[in-house]
Q: 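Shown below is the structure under consideration.
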Amino acid sequence: MSEGPMVSRSVSPLDMAESLQAELRRGGISADVHDGYGLALVSVWVGLVVWCDGDRFWWRTGWDDRRRRFTYAWHPAMDPARAARRVAFRYGDLRRKSSSSVSNA
């Protein structure tokens, strides 16, 4: 049974990651972009790396104790502005947790 013709991506993961980086920068969040092996990574904060395959962005959002695995959020790569807003919310959560753990030390 055939799964249909192969469709090549018209937008590279690196292009999409750089678009996300630009949107994050507009929101005052600096990030680094790295690419290779068909993926691009946007490193935002400790524990917050956004992966991109050209079709979607995805990032860790937490831990599922019952399943004993990380949970992830994803967003279509063709909408980097909205993805950046969602990533910014996660960034804010991690920064708040980081500052509260430092102040409690």
Side-chain angles (χ1 to χ4, degrees):
M1 184 192 289
S2 174
E3 293 184 20
M6 294 294 291
V7 177
S8 64
R9 292 187 183 105
S10 59
V11 180
S12 78
L14 179 59
D15 291 340
M16 293 284 74
E18 288 174 340
S19 295
L20 178 64
Q21 178 189 38
E23 292 294 336
L24 288 167
R25 189 179 309 118
R26 281 188 195 94
I29 299 171
S30 62
D32 297 319
V33 174
H34 311 274
D35 83 307
Y37 303 102
L39 293 174
L41 306 176
V42 182
S43 179
V44 182
W45 184 254
V46 175
L48 182 54
V49 175
V50 181
W51 291 268
C52 182
D53 63 1
D55 292 328
R56 66 180 50 141
F57 300 111
W58 68 96
W59 60 95
R60 288 181 183 170
T61 58
W63 179 259
D64 184 329
D65 283 328
R66 187 176 60 80
R67 293 183 179 178
R68 298 172 40 158
R69 68 169 88 165
F70 288 104
T71 56
Y72 292 85
W74 71 272
H75 197 86
M78 296 307 290
D79 187 8
R82 182 173 252 163
R85 193 168 69 212
R86 294 181 65 198
V87 170
F89 283 125
R90 180 67 180 147
Y91 170 80
D93 288 343
L94 291 172
R95 294 240 2 199
R96 279 188 293 282
K97 288 176 185 175
S98 174
S99 65
S100 69
S101 67
V102 169
S103 64
N104 291 333

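The structure presented is a predicted model; accordingly, all values stated were derived computationally and were not measured.
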Q: Under 4.5 Å between side-chain heavy atoms, hopping through other hydrophobics if needed: is there a path connecting Met78 to Phe57?
A: yes

Q: Just checking, any donor-acceptor pair under 3.5 angstrom between side chains of Asp65 and Trp63?
A: yes

Q: Find out whether Leu94 and Val46 are in side-chain contact, i.e. whether some heavy atom of one side chain is under 4.5 Å from a heavy atom of the other.
A: no

Q: I need the minimum non-hydrogen distance between Cys52 and Met16, along with the two atoms involved.
A: SG-CB, 3.6 Å

Q: Distance-only check: which donor-acceptor pairs under 3.5 Å involve side-chain atoms of residues 81-88, not counting sequence neighbours?
A:
from: Arg86; atom 1: NH1; to: Trp74; atom 2: O; distance (Å): 2.8
from: Arg86; atom 1: NH1; to: His75; atom 2: ND1; distance (Å): 3.1

Q: State plainly whether one hydrophobic cluster holds both Leu20 and Trp58, where clusters connect Ile, Leu, Val, Met, Phe, Trp and Tyr through side-chain heavy atoms under 4.5 angstrom apart.
A: no

Q: With the 4.5 Å side-chain cut-off for hydrophobic clustering, are Tyr72 and Val49 part of the same group?
A: yes

Q: Closest approach of Ala40 and Ala17, non-hydrogen atoms and distance?
A: CB-CB, 3.6 Å

Q: Of the non-hydrogen atoms in Arg90 and Leu48, which two are nearest, and what is the gap between them?
A: CG-CD1, 3.8 Å

Q: Does Thr71 use its side chain to pair, donor to acceptor, with the backbone of Gly62 at less than 3.5 Å?
A: yes

Q: Would you check if the side chain of Asp53 reaches a backbone N or O of Arg56 as a donor-acceptor pair within less than 3.5 Å?
A: yes

Q: How long is the straight-line distance from CG of Asp79 back to CD of Glu23, given to the nearest 0.5 Å?
A: 9.0 Å

Q: Closest approach of Gly38 and Pro13, non-hydrogen atoms and distance?
A: O-CG, 3.4 Å

Q: Kindly indicate, with the supporting measurements, whether the criterion side chain to side chain contact (heavy atoms under 4.5 Å, CB included) is fulfilled by Gln21 and Leu24.
A: CA-CA 5 Å; Gln21 178 189 38; Leu24 288 167; 5.6 Å; no

Q: Got a second to check how far Glu18's CD is from Leu14's CG, nearest 0.5 Å?
A: 4.0 Å

Q: Are Phe70 and Tyr91 joined in one hydrophobic group, where the rule is that I, L, V, M, F, W and Y side chains link up if heavy atoms are under 4.5 Å apart?
A: no

Q: Applying a strict under-4.5 Å side-chain criterion to I, L, V, M, F, W and Y, I'd like to know whether Trp59 and Trp45 cluster together.
A: yes

